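In what follows, a structure is listed as structure tokens, so that the remarks can point back to it.
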Amino acid sequence: MTLTAWFALLITLGLAAWTVGALRRRSARHEAGRRFFRHPTAAWGIGVLAFFVIVAVAAPWVTSFDPREQLDIIQLKSQPPSWSNVLGTDVYSRDLWSRIAFGARISLSVGALGMLVAITLGTLVGAVAGYYRRWVDAVLMRGVDVGLALPRIFVLLIAIALFGQLPLAVLVLVIGLTSWFGTSRLVRAEVLSVRERDYVAAARAAGAGGARVIFRHVLPNAAAPIIVSAALSIGNVLLLEAALSFLGIGVRPPAPSWGNVIADGAPYLATAPWTTLFPGLAIALVVMALNAVGDALRDALDPRQQAKEST
Amino acid sequence: MLSAMLRPRRLVVVVAALGLVGAATACQRSAGCTGAYCGTLVFAAVGEPDILLPPSTQQVAARDIEEQLFLKLADIGLTTNTIGDEDFQPLLAERWEWDGPLTLVFHLDARARWQDGQPVTASDVAFTFDAYTDSAVASPYRANLRRVASVKARDPQTAVFRFRERYPEMFYDAVYHMRVLPAHLLRGVPRDQWKTAPFGRQPVGDGPYRFVAWRAGQTIELVADSTFFLGRPAIRRLIWRFSPDLQVAATQVAADQADGREALYTPENIARVRAAPQLTLYPYRGNAYGYLGFNLAANGDTTQPHPIFGDREVRRALTMAVDRARLIKSVFGDFAKVPPGPMSQLWWIWDPEVRQLPYDTVQARRLLAARGWRDSDGDGIRDRAGERLAFHILVPSTSQTRKQYAQLLQEQFRAVGAQVEIDEVEQSVQSERAAAGKFDAILQAWNNDPSPSSGVPQVWSHAGFRGSNFLRYDSPVFDTLVSRATRAASSKQARPLWRAAVETINADAPAIFLFAPDNVAVFHSRVVDVRLRPDSWAALLRTWRIPPDRLIDRDRVER
Amino acid sequence: MTAWLVRRVAASVAIVFAVVTLTFFLLAAAPGEPLLGPDERQVDPHVRAELIRQWGLDEAPPVRYVRYLRQLARGNLGLSFSLHRPVADALAEAIPNTLLLAGAALLIDFLIGLGLGIYQALRVHRLPDVVLGNVTLFLYSVPTFWLGLILLLVFGAWLRWFPVGGMSDPILCPSVSSVYCTLDRLWHLVLPALTLGLVGAAGTARFQRAAMLEVAGQDYIRTARAKGASERRVLLRHQLRNALLSFITLFGLAFPFLLTGAVLIETIFAWPGMGRLATDAILRRDAPLVNAAVLLASVLVVAGNLLADVLVAAADPRIRVRDTT
């Protein structure tokens, strides 16, 4: 790797550390923020996430090769890590670090967007079901049960088969559409308890419509589990994308995603294990970080502890 | 209570006890088989047979297993010469003669028996032909038998074949495609239910090995028939072990949990296996070839020519842009050859001296520019009248080799200003889109029978339009040359005709003929007399041996 | 109680019906025709036409759907296009293998998860807790199939401690005929079950640890402590009862996860189970097999949920009252 790339990588590490520090300072003013950082792995989780996001954004600068460039299909094929290719090369003689760095762009985007779709849909359905109750609730929740009863991989395979070759947008949509069921149950439970509170009854008495009540009064107070669920579900989407690419139906080559880099390397695991090891570690690190942050968020936003402090 | 049981010391005692029990029972096995007729071979196969009924399946492992269970009338020789009958070995038929230009008479060996004791008779042969050509059975081999008019049983030991016309491969067609079936066991089964009949999962044959068991998803086991009339097989048991994945199969072989497999495909697997001391490599000519085919008709509309590939010069230019030798070195290492045309190494028409397009990127670029494809907007991709030189390559996700080629070809075409997208689809989608012509370019590979007479016309001539000629290559010159070649009386007369035909198709460049792999088989070193016939590696299994002084544990098991 | 049960069962049946219908039409609409043979062999167009006619694929999907329902009502699951045998036979052979794998994984999940969680809670914030906490976090976050690949490579190919794929020794133990063969089965089961179970165990450990820590702060624990009972015994007894309850829920909800997780593991370890069977069937567009597999999977899931709810409701009457829908 070139000297400039090493330098850029160092700057990235520094930036990540600085992000953690800055966040810690800014959140020290709030009790929730202090609770967040009291968690032993929270700071580390934020750091890892910041690192990978910055790498994804600054990918052209922290790498010295184009991720699609086949350097030398005979001499540089499946080479172990070396000075010029820090993580080695894959079977097409492409630099593995470049593919992981640029792959971060697609994987993290798929994760974030898929999560957005899932959370939005899940929140809407859960809120409507929990607020209106009775037959609306019954119908929606039975629908959720159907969704949970469908073996997800099978449905994904079939749904993806419908489109043949999946454009990225559709892939994100499909992942999101099959991931919202758990969130809706969570939100519904929260909404059911929140709707009995005084301020909601007051808003209704004042004549506010259902949607208004949901969005202005119910959801903000039910926000905590939604946020935690969001953090955790990005991780699930990442793992799902990896599994789909491994089965051959994820992101299209030669565009790199962490899942299809693993898939490219899997047939050569015995002779070139680094091609599978490093992207897998990348996924593991990011999902670990997301889980750590999610745990810390759960503690920080825990309403019971909030209630304890307000009395 | 739970935590009590989990206390470390107790756990160690429990595990140790289990271990002792296991060791004790293991030692109770009998002393086992000794001598020249022992041996168990475990083959690590990829993919499981669907059915073990010869007329109904083309699956690779199924054919290998059927090779041990069912006999043909005569066997092709190691040279795989398909012309005339001199190179064929007697099998079910002990001798044959010509009774006129269109009549072939086989005399069956009286010693041949089905495994339930019944003798193999000529009415079995006649029944077999009737089944193979019955549309209700829907056999994929039916088309190969179209020039056989009838098969009749003159008497229980004599079967008479009548042909429609005279051509050099008459004997080959009579004996190669059909495996004789037991009429007495299958006559009562309705033809359209053959595929699901129990016989397909519990076959009864007349071959050197008998069927023992099929554990779905896991193994098929065969045992030697000690009364086989052509000689008792030396290796007592054969077990095919199925894995969904080449990696797992290769790892099983390298870890000594299987005795070998018939092809390793990648140089990485070959290197791994070479390092294992107990294994021996056996390279042999492969029966496959692969190519990048250009759809000469428009994508999805067979009445229009393809906007890019309809132009012969553009196809020739793109062909010259690909360094085939270098791609082979990258994907196969030293274990494949550049095919001089649409042929595998198995075919006798293989001739590296045939005129082909050279690798010449300068010429390629010049030709593309001459046909109007220039990069007018500086984005690195050529265009012409608003259309970009961009196309999709269709490749199945099941073939690691072709996936690799797709990505390598993408780079080669990018270097001359063509933009390629890879459509990696499931195999079922690939088949459908190929047959319907819904593609621009396709990476296709064929496993072939030993004779070019069926393989070439079906894929490259006008007659193959509704069949396997997905590219819709239609050259009357080529068709005439091929049909004259398949009718030529001897190989000496046929050779120049085939050569002319191959040079024609090379000049027209409907496809870039990319690879004709060697198969590299690997088997345990203790097995001797390993003879691999290139068209069917398992054909001579019954002649393999394990010398008694080289028996290992799994050979001695007596079950 | 019975009225609630009847309503739930009726709802479950409706759910399964909806799932099967959805799958049927999704598959019918998907591009790709059922595979007629290996990709590298030429297929005769006559053969294609004949097979399509034999399989009834030349009829419109709604017609096929009605025929399928009628077949189902008679208890006939149909014939598989790719395996050439009754679907019921293929499933009957594959299901026990998946259940074995899933059962072993659940066992590992529960035992190791509970053990780890309790151990961590008893040593909370000290070094063992911190180390194990990070280990469980890692295991919880890795892609399951990646873990499987690595385990197979290290323990199967390099160290040769465990077999490389498969369910049993093909030579000595095609069926479970002796103690040796039972042990052989277990030996083949270790790596795939560990792969599936460890990830679940990590999640269970984290959950149990948090639950125990929460319990530790409760009033009645303090009372028991004041009364002089050993802290450890009090915690353990209460925690085990709660753990059993959560395990029941886990059991009911884990099945879909295990089925989908098992798909990739079964492929990597060449385990002849239902997940691999169904995935191959989808890739080969073998509609009867896919529909039957999905039917079975959704029945298992719904039944698992129902069972979990019944058991929990039987144990805790408060929950029954709360479920007003």
Side-chain angles (χ1 to χ4, degrees), chain A residues 40-41 44-45 129 133-135 137-138 141-143 145-164 192 235 238-243 246-249 258-259 262 265-266 269-270 273 276-277 279-281 283-292 295 298, chain C residues 11-12 14-16 18-19 22-23 26-27 29-32 125 130 133-134 137-147 149-150 152-154 157-158 206 210 253 255-257 259-264 267-268 275 278-279 281-283 285 290 293-294 297-302 305 324-325:
Chain A
T41 43
W44 175 91
R133 292 197 302 185
R134 274 184 275 271
W135 65 267
D137 183 19
M141 281 304 114
R142 287 291 87 79
D145 282 343
V146 172
L148 283 170
L150 282 169
R152 191 205 251 171
I153 284 264
F154 300 162
V155 171
L156 276 167
L157 280 173
I158 299 175
I160 282 167
L162 268 178
F163 294 96
L192 273 178
L238 268 177
L239 292 172
L240 189 60
E241 185 270 316
F246 184 71
L247 286 172
I249 42 181
W258 288 346
I262 297 184
L269 186 59
T276 318
L277 191 68
L281 276 179
I283 296 183
L285 279 174
V286 170
V287 178
M288 273 175 80
L290 285 166
N291 280 324
D295 281 348
R298 181 185 284 131
Chain C
S12 305
I15 289 171
V16 171
V19 166
L22 191 64
T23 315
L26 268 180
L27 198 64
H125 293 317
V130 171
N134 283 321
L137 185 60
F138 177 76
L139 284 174
Y140 191 62
S141 313
V142 289
T144 327
F145 68 91
W146 182 82
L147 185 66
L149 284 174
I150 303 280
L152 185 63
L153 180 70
V154 172
W158 287 350
R206 283 153 56 79
L253 299 174
F255 257 117
F257 165 70
L259 278 177
T260 57
V263 164
L264 294 165
T267 308
I268 294 169
T279 313
I282 294 175
L283 291 175
R285 300 289 190 273
V290 175
V294 172
S298 47
V299 164
L300 282 177
V301 165
V302 162
N305 275 342
T324 51
T325 51

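On a predicted model such as this, the values are computed, not experimentally measured, just so you know. Chain letters run A, B, ... following the sequence lines, proteins first, then strands; residues in each count from 1.
The greatest number of non-hydrogen atom pairs below 4.5 Å with chain A, out of V142(C), I268(C), L137(C), L152(C), is found for L137(C).
In this structure the side chain of F138(C) never reaches within 4.5 angstrom of the side chain of N134(C), judged on heavy atoms. Contact annotation: the side chain of V19(C) approaches that of V294(C) to within less than 4.5 Å [non-hydrogen atoms, C-beta and beyond].
Heavy-atom distances place the side chain of L153(C), and not its backbone, under 4.5 Å from chain A. Contacts between L269(A) and chain C at a heavy-atom distance below 4.5 Å involve backbone atoms as well as side-chain atoms. In this structure, chain C has no heavy atom under 4.5 Å from any part of P279(A). Both the backbone and the side chain of L281(A) come within contact range of chain C, judged by heavy atoms closer than 4.5 Å. There is no contact between L147(C) and chain A, counting heavy-atom distances below 4.5 Å. Contacts between L277(A) and chain C at a heavy-atom distance below 4.5 Å involve backbone atoms as well as side-chain atoms.
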Check your understanding: When you look at R285(C) and V290(C), which way does the side chain to side chain contact (heavy atoms under 4.5 Å, CB included) test go after all the steps?
Key -> CA-CA 8 Å; R285(C) 300 289 190 273; V290(C) 175; over 6 Å; no

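Distance CD/E241(A) to CD1/I283(A): 7.0 Å, rounded to 0.5 Å. Separation of atoms CG (L285(A)) and CG (L290(A)) is listed at 11.0 Å; rounding is to 0.5 Å.
Between the side chain of W146(C) and the backbone N or O of T276(A) there is at least one donor-acceptor pair closer than 3.5 Å.
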